[in-house]
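Below, chain A is the first sequence line, B the second, and so on; all start at residue 1.
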Amino acid sequence: MAVCIAVIAKENYPLYIRSVPTENELKFHYMVHTSLDVVDEKISALGKALVDQRELYLGLLYPTEDHKVYGYVTNSKVKFVMVVDASNTALRDNEIRSMFRKLHNSYTDVMCNPFYNPGDRIHSRAFDNMVTSMMIQVC
Amino acid sequence: MSPTQWDFPVELCCRPMAFVTLTGLDVVYNAVHRAVWDAFCANRRADRVPISFKVLPGDHEYPKCRPKRTSYEWYIPKGILKTGWMNKHLNLVPALVVVFYELDWDEPQWKEKQSECATRVEIVRQSLQGRNTKVAVVLIQKKTPLPPGEDVIASERAAALCNACELSGKSLFVLPHTDHLVGYIIRLENAFYEHAQTYYYTEIRRVKSHKEFLNKTTHQLLFVRHQFKIAFFSELKQDTQNALKNYRTAYNLVHELRAHETNILEIKTMAGFINYKICRLCFQHNTPLDAIAQFRKHIDLCKKKIGSAELSFEHAAWMSKQFQAFGDLFDEAIKLGLTAIQTQNPGFYYQQAAYYAQERKQLTKTLCNHEATVIYPSPDPLETQTGVLDFYGQRSWRQGVLSFDLSDPEKEKVGVLAIQLKERSVVHSEIIITLLSNAVAQFKKYKCPRMKSHLMVQMGEEYYYAKDYTKALKLLDYVMCDYRSEGWWTLLTSILTTALKCAYLMAQLKDYITYSLELLGRASTLKDEQKSRIEKNLISVLMNESPDPEPDCDISAVKTAQKLWADRVSLAGSGIFTVGVQHFVPFVQCKTKFHAPSFHVDVPVQLDIYLKADCPHPIRFSKLCVSFNNQEYNQFCVIEEASKASEVLENLNQEKMCFVPGKTRKFLFKFVAKTEDVGKKIEITSVDLILGNETGRCVVLNWQGGGGDAASSQEALQASRSFKRRPKLPDSEVHWDSIVIQASTMIITRVPNISVRLRHEPPALMNEMYCLVVTVQSHEKTQIRDVKLTAGLKPGQDANLTQKTHVTLHGAELCDDSHPALLTDVPVGELHPGEQLEKMLYVRCGTVGSRMFLVFVSYLINTTVEDKEIVCRCHKDETVTIETVFPFDVAVKFVSTKFEHLERVYADIPFLLMTDILSASPWALTIVSSELQLAPSMTPVDQLESQVNRVVLQTGESASECFCLQCPSLGNVEGGVATGRYIISWKRTSAMGNTPVISTVIILPHVIVENIPLHVNADLPSFGRVRESLPVRYHLQNKTSLVQDVEISVEPSDAFMFSGLKQIRLRILPGTEQEMLYNFYPLMAGYQQLPSLNVNLLRFPNFTNQLLRRFIPTSIFVKPQGRLVDENSIAAA
């Protein structure tokens, strides 16, 4: 479904990033990185709203000719970014939302691991598998 | 840049305006005509009607009008839109031709002039044969016209002129050449505008009328053409709503055309034109969302219409142009007031345009890689007879051919080849960079710093491809820090790799070294083999050799670069490159750590420098030096290794500066701090690590402060959060993460080796010279010098205490306010080992309460640290809290001569003042003397000599004194009368003889003095004896200035018989005294009540016997009658 999934730390460095066509990995890295501009802007706009009313899902960040970039930010300001092929019109907002929720749950599991040090890069097989499950369906 | 094939024609991009030509104006030689022309064309503001004017001679030939077609049945169009059509209607075929003619109404030769004018009109009409163009006449007149209807000649002649010229009255205008020229001109052009609109309206009708003759099979192209024309005329008519509607229809019709490889370019070109017009009008109508929607639809429809695969770069170029044009339109709309947002701004379109431009370049690279032997075909198939195409978007070698089959495949091949060869000469990088920089400017405006950086990276890469390495490096270097600070190492590595290539190709030593250092570092995501290649190159550069070329570089560029490097080598490379590492992530990490946050001055300062290399191979550095804020220490912290010598000797030292990757190396430095630096901070300002030979070429890695580079603070944070257990390492090694930087240390004084003892007898008594004995004993091994004592009130307490505390070394005299609260730096001399000295310190405390006293002893001593003699100043301090108390409490009371307590005293009547001194001191006090200093109003009744001289009071004991005083009548004094002062001079009993005596002054209380009218006092012996006469004399004094009537009676008593006046009434004159004599005869022994004297003053009913009793005795002791023998002894008792 997704072609690239990334987890970005509060300080905006990547904790986890994986894309499906591995040969063009750099392009996706740049895409995720540039999408942080919009995430930052959305967070600062949301900052004024009440914290408990905040919606974690940020929606479509920006469309490019070939891809759509969606964002999600946890309460601890960890960001999830998902890149979807623009031609894939089957994916609705709701599906993206539920994918993010799944991602968030899995990320929470990673954080609960006493051997994981928050802020380190994620090297979790369970998380990896979950990400793979969200990516393969198309390929 | 000259317009390329893909740029939109100017006539498409401009705003169409009604075209009106002016004839009969001689703007060169005729000043009046010049002024008229200027008024038409100069300073046309937005509020003037949209007309484009042109001055033409009266006999100008306008484009010929083709004969009207009566039937379309056999007509087959050759293309969609002729290339000249838009220009024709914008600039060649006018909507209105105006004939200017100088003619006044009162012209004497009217007839001749009228016919000349008619001729001119006729000539114009001739040249417009077949067109619907309007003609109008403007008469330029010298006189101001009269109001309409008043000038009969004028209206007559006007009608005649219209007739002669075959004009309607509406087409004849008068332009008086007077002061208000601009006003007339504006009115004129409004009238022209109306005519022009009518013209375009008829043109639209004319084109529409063709429609009914068309059929869908053969005239598909005409549907588009006509629709486009209607829309364009509507625009000329300034009817933008209808124009938009018609363009939309035209757009749909374009896509209904049958597309084939041969005509796809024409379709796309027209679709692009129409789309451009639609978007432009949407922005103009302030409906940007419609514009965006149209553009998206356009792109989606055309994206896949690539056409011929051999010429697919043309499609990319076309796409790029679409995006660029839309970006331009968007940007223009923003300049006119539209607001864009972060996620929808022109930048995205420029970016996409750049992306297609890149694709075009890629396609060109693969499709146009013809051998050099392939020559451009001759004759040029792209050449046409007129130099331009007849129809937009057609191939020059088969213009007007509608068949989908290629009639001449050979010709086609040559044509394609010509296009491909031409494409090869296009400077793609320039196009891409322009588009990218447009996008950068936009993203900067819409708060997209990362997008901006990304585009700048792309620009840098494009410059690299364009072989402009200087610009490429500049851009890449500029954005690197953004990626570094956010920790996107993959992206950083990719940028660095490109930058390294640029640096290599330009043989830029410093950049080459810097990028190599970082690419070897831990932030680089390069593979190990890459890293070892870079390391090898770095070493060769430092050894003044040429490095190997970077992979994937242009071969010719590499050749140039190799030459450049060779030049560098022949220059016998010299130079020291200092690289500040705090802005990047080099392959060596550094941490500094003082062993302790503070060092005593007599202990050597020790610090460790930890270094760790991350490169793939062991590497040897030549020198390590540390700089401090006090540069004198720098010399102690240097490790140098003469690389040449060590290579020969191969001693242990050689190992020292050779770093094994991943292993932490520790360097210990030791130095003795300067005594001047006691109390100061020693800070590491920088650490320099030198790679390479200092005499040849070397790099100085410079860490500011205590080490750490661009990535280390984040790493330290992560390490501190981590609670992972680190694997055990051998004793000599440490975990890099566990090292905490300690970049500064304090130098503190040497630990003193003396004792300071204080001896005293607390509490202090107020105002006394309190003695504090300070004993200083040296336990040092050597003599100590310059011992100084600072003693007194500890600073920083209540400010009032400073005023009320005085310290002196001399106990023999009382100290006063001139003495300080703290004695500083009293020189005490020298002390030999074990010797002790004693110093007496006297403190006088003027108020009660507790105080902190400080005794601070400092001295100099010579010691040796690390074989170095230093003079240290040591000090020791001692504080003590001393309570100050009152030495005694003094109570004062007034009593009557009968020792009865007095609330108030009576004028002129003696009373007693009693003082009570109660010792409150825990130590015995000696009262040296006491003195009563009376106020002037008080007079002593007898001598005032002290009764407590030399009395010693133990704790809780008290001493009392009694003075008989008298006070004259002073009238009514508010608050009583001052009594005077009581001064007690005292000292501690234990004090030595020379201790000064302290005088404590007690202010006596005031007393209320009251007058009484009559004073009675009695003279009677101190005791009586049974059955022996006891004479008693009462003196009654009149204290008033009145004659007093007094009733006196004496009550009988059981214990006495008496003789004298028992009841009497008498008068006492003012100031005189009456004496009453009684003879009492005691009957009983013991303490007996005397017969009471009752006095009644008739004038003063308040004067009671109660009051009287205070002055006269009421009882007396009566002794029993003794035997004669014992009389003497009894009398003695």
Backbone N/O of Asp37(A) and side chain of Gln342(B): donor-acceptor pair under 3.5 Å
yes
Residue selection (most heavy-atom pairs with chain A, distance under 4.5 Å) from Thr490(B), Thr343(B), Leu491(B)
Leu491(B)
Shortest non-hydrogen separation from Gly487(B) to Pro14(A) and the atoms involved:
O-CD, 3.5 Å
Tyr356(B) portion near chain A, given a 4.5 angstrom heavy-atom threshold:
side chain
What distance do His454(B) atom NE2 and His29(A) atom NE2 have between them, rounded to the nearest 0.5 Å?
12.5 Å
Can you tell which part of Leu455(B) gets under 4.5 Å to a heavy atom of chain A, answering side chain, backbone, both or neither?
neither
When every non-hydrogen atom of Tyr13(A) is compared with those of Glu486(B), the smallest separation belongs to CB-O, 2.8 Å
Between Ile17(A) and chain B, which part of the residue has a heavy atom less than 4.5 Å away: side chain, backbone, both or neither?
side chain
Atom group of Gln714(B) that falls short of 4.5 Å from chain A, counting heavy atoms
side chain
Residue by residue, scan residues 439-452 of chain B and write down, ordered by number, those that have a heavy-atom distance under 4.5 Å to chain A; if none do, write 'none'.
Lys447(B), Cys448(B), Pro449(B), Arg450(B), Met451(B)
Lys10(A) atom NZ, over 12 foreign heavy atoms within 6.0 Å
no
Measuring heavy-atom distances to chain A, does Gln718(B) have an atom under 4.5 Å in its side chain, in its backbone, in both, or in neither?
both
Heavy-atom closest pair, residues Trp488(B) and Asn12(A):
NE1-O, 2.7 Å
Residue part contacting chain B, namely of Leu15(A), when any heavy atom lies under 4.5 Å:
neither
On the 0 to 90° scale, with breaks at 30° and 60°, tag the Tyr30(A)-Tyr483(B) ring pair as parallel, tilted or perpendicular.
perpendicular
Atom pair CD1 (Ile341(B)) and CD (Glu41(A)), whose distance is rounded to the nearest 0.5 Å
10.5 Å
